[in-house]
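The residues of the chain are indexed from 1 along the displayed sequence.
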Amino acid sequence: MDLREIAAGIGPVDERAMAEAQRRWDSIAHPLNSLGMLERDIIRIAGITGSADVDLSKKAVVVMCADNGVVAEGVTQTGQEVTAIVTENMSKGDTSVCRMARVAGAEVVPVDIGVARPVTGEKIRQRCVRRGTANMTKGPAMTRAEAERAVLTGVELVGELKERGVRLLATGEMGIGNTTTSSAIVSVLLGKDPAEVTGRGAGLTSQGLERKVRAIETAIAVNRPDPADGLDVLYKVGGLDIAGLAGVFLGGAYYRIPVLVDGFISSAAALTAAAICPAAKDYMLASHASNEPAGRMVLEALGLTPFLYAGMCLGEGTGAVAVMPLLEMGAAVYREMCTFEATDIEAYEHLT
């Protein structure tokens, strides 16, 4: 299966299931719409899955791990070796997202899609496309075929997780230098100046930020990515982690599983997925607004409103996992709360 077939297989959300979910919320003994975004997203999940019987009991966070050749331009505070160390720590359950996922009842699925050196760990999915990307200031970060393979890897993984009964996905990443690639993608797809969409990442100095902006400007000038072609942008100035996550978003739409957007890197991947197939936007759920400069900007471009404004910018899927318990709480009210009819309380009416 190729990307064209995947995109062609993504249809609209199920309006009848959404209408049925809305009727269910209206029948529950509470003021109409009083749970706000929780009600909205439970209804959206019904539309995504095609069923008003919303089940979020089995959850997972897919963490795409890959290295980026652009680190050679001095755009990061730490070295590339950190990617491999953190990826292996994820397999041991010893990272921030692992601790948070344990509380949220979600499985962590780390994926080596392009770490610079081989990594080991029982839980790591070995799906490496290439050992890190090239330096995008000198030419394309990867080939178009490699980018497509990485995207399809994400799609296939969603299919596998659905077969295992997973009903809600979060997206995460690990890759030193990936705020640089994300800013490059966002700059091209939103038509923004690189300086407007580029932040300090994991703690750059002002000089480091200047180097980062220059690297992005150079990469765009050298590669001339086409904003009308999401895959073109991805292979020229993107990363394998972003490509894999774009595939997770497309896979969520194709297999009808709701997928939570995490922070800036995840949202850049979501934006890329939407550039490849605009219909995929309807299958995405926002979690939080990243503290990166373009965090809210990208969500607005996708038409998404986040639950949390918590100043987070850690990545790994931490923001998306933080929202999972909120959605489960909403689903519990939706499924289990008594109705107006059962309590002999006069139902509220929609007033105009």
Side-chain angles (χ1 to χ4, degrees), residues 13-62 96-109 158 161-172 248 252-253 255-262 266 282-289 299 304-310 312 317-350:
V13 294
D14 191 324
E15 297 288 347
R16 286 188 296 180
M18 293 176 72
E20 184 178 344
Q22 182 67 71
R23 287 192 293 272
R24 167 63 187 166
W25 274 121
D26 290 349
S27 73
I28 288 172
H30 77 311
L32 297 176
N33 304 315
S34 57
L35 285 178
M37 291 168 61
L38 290 176
E39 296 192 28
R40 178 204 67 183
D41 277 5
I42 294 299
I43 292 169
R44 290 193 67 200
I45 289 169
I48 289 168
T49 62
S51 171
D53 183 14
V54 174
D55 177 10
L56 304 179
S57 57
K58 193 161 186 179
K59 304 173 291 298
V61 51
V62 177
S96 298
V97 76
C98 294
R99 302 297 183 183
M100 294 173 70
R102 194 170 301 149
V103 175
E107 176 187 3
V108 178
V109 184
V158 174
L161 292 170
K162 183 176 182 178
E163 286 184 6
R164 289 176 43 201
V166 172
R167 294 294 175 262
L168 177 64
L169 286 171
T171 47
V248 172
Y255 290 107
R256 304 189 75 92
I257 296 179
V259 182
L260 282 159
V261 181
D262 183 41
S266 174
D282 291 338
Y283 293 81
M284 302 172 187
L285 304 174
S287 61
H288 76 117
L299 292 179
L304 298 175
T305 304
F307 278 97
L308 301 178
Y309 294 89
M312 298 172 68
T318 48
V321 167
V323 165
M324 283 179 159
L326 290 175
L327 287 172
E328 277 211 281
M329 290 176 197
V333 175
Y334 173 80
R335 289 193 311 268
E336 302 165 16
M337 182 71 179
C338 60
T339 64
F340 286 114
E341 184 178 4
T343 56
D344 289 329
I345 298 174
E346 185 176 349
Y348 284 88
E349 296 180 8
H350 288 281

Locate the shortest heavy-atom distance separating [X] from [Y]; write the atom from each residue and the value.
{"X": "Ser51", "Y": "Ala17", "value": "N-CB, 3.8 Å"}
{"X": "Leu299", "Y": "Val261", "value": "CD2-CG1, 4.3 Å"}
{"X": "Ala60", "Y": "Val109", "value": "CB-CG2, 4.3 Å"}
{"X": "Ala320", "Y": "Ala170", "value": "CB-CB, 3.6 Å"}
{"X": "Met337", "Y": "Arg24", "value": "O-NH2, 3.1 Å"}
{"X": "Ile28", "Y": "Val333", "value": "CD1-O, 3.6 Å"}

Test Lys58 against Val166 for side chain to side chain contact (heavy atoms under 4.5 Å, CB included), laying out the working first. CA-CA 5 Å; Lys58 193 161 186 179; Val166 172; 4.1 Å; yes
Can you tell me if [X] uses its side chain to pair, donor with acceptor, with the backbone of [Y] under 3.5 Å?
{"X": "Thr318", "Y": "Val97", "value": "no"}
{"X": "Arg167", "Y": "Val54", "value": "no"}
{"X": "Tyr334", "Y": "Ile43", "value": "no"}
{"X": "Arg256", "Y": "Tyr283", "value": "no"}

Tell me, please, which residues at least two apart from Asp282 pass side chain to side chain contact (heavy atoms under 4.5 Å, CB included).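 With neighbours one apart ignored, the set is Val13.
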Which residues pass the side chain to side chain contact (heavy atoms under 4.5 Å, CB included) test with Leu38, not counting sequence neighbours?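 In terms of side chain to side chain contact (heavy atoms under 4.5 Å, CB included), with neighbours along the sequence ignored, Leu38 is linked to Leu35, Phe307, Leu326.
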Supply the atom-to-atom distance Leu327 CG to Arg44 CZ, rounded to the nearest 0.5 angstrom.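 The distance works out to 11.0 Å.
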Distance check, rounded to the nearest 0.5 Å: Thr49 atom OG1 versus Met18 atom CE?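 Between atom OG1 of Thr49 and atom CE of Met18 there are 10.5 Å.
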Are [X] and [Y] packed together at the side-chain level, in the sense that at least one heavy-atom pair is separated by less than 4.5 angstrom?
{"X": "Asn33", "Y": "Trp25", "answer": "no"}
{"X": "Leu285", "Y": "Val323", "answer": "no"}
{"X": "Arg23", "Y": "Asp26", "answer": "no"}
{"X": "Leu56", "Y": "Ile45", "answer": "yes"}
{"X": "Ser34", "Y": "Glu39", "answer": "yes"}
{"X": "Arg40", "Y": "Thr305", "answer": "yes"}
{"X": "Asp262", "Y": "His288", "answer": "yes"}

Any residue meeting side-chain hydrogen bond (donor to acceptor under 3.5 Å, both in side chains) with [X], in chain and number order, not counting sequence neighbours:
{"X": "Thr171", "value": "Ser266"}
{"X": "Lys59", "value": "Glu328"}
{"X": "Arg102", "value": "none"}
{"X": "Ser57", "value": "Asp55"}

Show the numbers, then the answer: is there a side chain to side chain contact (heavy atoms under 4.5 Å, CB included) between Ile257 and Leu161? CA-CA 10 Å; Ile257 296 179; Leu161 292 170; 5.8 Å; no
